[in-house]
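All figures in this text were calculated on a predicted structure; none of them were measured in a lab. Side chains included, hydrogens not; waters and symmetry mates left out as well; all remaining heavy atoms used. So you know, we letter chains A, B, ... as the sequences are listed, proteins then strands, and number each from 1.
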2 protein chains.
Amino acid sequence: MLDEKKVKQVVDFDKAPGERETPGFELPLLLFAGFRTLIDELHAELARQGHPDVRPAHGFALQAIGLGPDAASTTEVGRSLGVSKQAAGKTVDRLVELGYAERSDDPADARRKLVRLTPHGRDALARSAAIFEALRTRWATALGGDRLRDLEDALRTVTPAESFGLDASAWLRG
Amino acid sequence: MLDEKKVKQVVDFDKAPGERETPGFELPLLLFAGFRTLIDELHAELARQGHPDVRPAHGFALQAIGLGPDAASTTEVGRSLGVSKQAAGKTVDRLVELGYAERSDDPADARRKLVRLTPHGRDALARSAAIFEALRTRWATALGGDRLRDLEDALRTVTPAESFGLDASAWLRG
DNA sequence: TTCTTTTCGTCAAGCACGTTGTCGATTCTA
DNA sequence: TAGAATCGACAACGTGCTTGACGAAAAGAA
């Protein structure tokens, strides 16, 4: 890494001016632009479908609450999101305020409070899944199904598995 | 958009179980994972090279300060970053504390304070560029140059130009 | 020129969202 | 059963953004 001589070799070797490689700093910007585009369009469409209050951070939290077959505890939600249990508690508070989640006591453990999605929350999650499907279809139409599949495969190749969690919102603070 | 019937057609039509399309929600996660991987590796390497204090948000700000030929004002930096001038002012304060930028009076306008990169700041920016180049080369090695170029082209196709700014850090609040 | 409007940078207050530390209550374990 | 671990809440705080207000300086119009 950082061997600039080698970089120059690989990047500019025998290239005519018009077909020089794109500068390296564009790659993260392109990836982020793609991510942002999808998330923005998701939330614009969610707002149109009766969920104007959902924010990106809420979406990840809804997913974290809703994924398991059993109801999750606040602490578990925090682990899924990569944040402290206190932060998760506050996020759950907010989702309860907004009517997306509800708490109940765990009959098997008096310390725990179970967090469940309300019908409204399940609706948001189901619509999100459908919208993501539609957005992917739009990309497949614009790019061709093969190119999109290859894009996904390529990203799977270069990203370690641990980059994959729902802790996206927790990351940006870094 | 959101025509679920059409989605099902395109996604699952005539596919054997093994070659079904990847679910739509993975696409944003893959894009974000790629972005995060690059940024994490950039900052890990920057830390090794004498810049342990630079954070992702700082990197974008350094870029915003350093891009023009002339020194920028705080307000202009804010515009580049997509945040208010007050927020930009605080970010510049922090960069000044860390030794990456310095303020000076504008001889032509007593209201303005010019923001300039220090040699330390220019060093960070130059090293960032080199590291991004090296990271892109690593991806090119892992994927093949053609696939990487196609990935970049594909992302350029599906992302609107206005998603491209340095206002990445300002975005997550949405 | 003088008056008005705009712009620059700062101060202040507040919000969103994360952190660490502490605590009582409850459960697990040795 | 005594001690350790865990759950969720409360408090205090940090960061980074927002809006609103303000004085000083510049720009535009009379």
Can you check each nucleotide of nucleotides 20-28 of chain D against protein heavy atoms at under 4.0 Å and return B for base, S for sugar-phosphate only, - for none, in 5' to 3' order?
BB--BBS--
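Note: CZ (B/R55) to P (D/dG16) measures 8 Å, nearest angstrom. What separates CG of B/L81 from P of D/dC17 is a distance of 8 Å, to the nearest Å. As a whole-Å value, the separation of A/H58 NE2 from C/dG18 C1' is 13 Å. Rounded to whole angstrom, the span from the CG atom of B/D93 across to the C1' atom of D/dC17 amounts to 14 Å. What separates CZ of A/R103 from C1' of D/dG8 is a distance of 8 Å, to the nearest Å.
Closest approach of A/A72 and A/V77 over heavy atoms only: CB-CG2, 4.0 Å.
Side-chain contact between A/L114 and A/R103 is absent, with no heavy-atom pair separated by less than 4.5 Å.
Contact check, B/T91 against D/dT15: no side-chain N or O comes under 4.0 Å of OP1 or OP2.
For A/R156 and A/D153, the salt-bridge test passes: some basic side-chain N is under 4.0 Å from an acidic carboxylate O. Salt-bridge check for B/E76 with B/R112: passed, with a basic side-chain N closer than 4.0 Å to an acidic carboxylate O. Under 4.0 Å is where a charged nitrogen must lie from a carboxylate oxygen, and between A/E152 and A/R136 at least one such pair does.
Sequence order on DNA chain C of the closest nucleotides to B/K90 and B/S73 puts B/S73 first from the 5' end.
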A/R149 and B/E21: CA distance, side-chain angles, deciding distance, salt bridge (charged side-chain N to carboxylate O under 4.0 Å, His left out) verdict
CA-CA 8 Å; A/R149 259 188 301 277; B/E21 298 282 354; 2.3 Å; yes
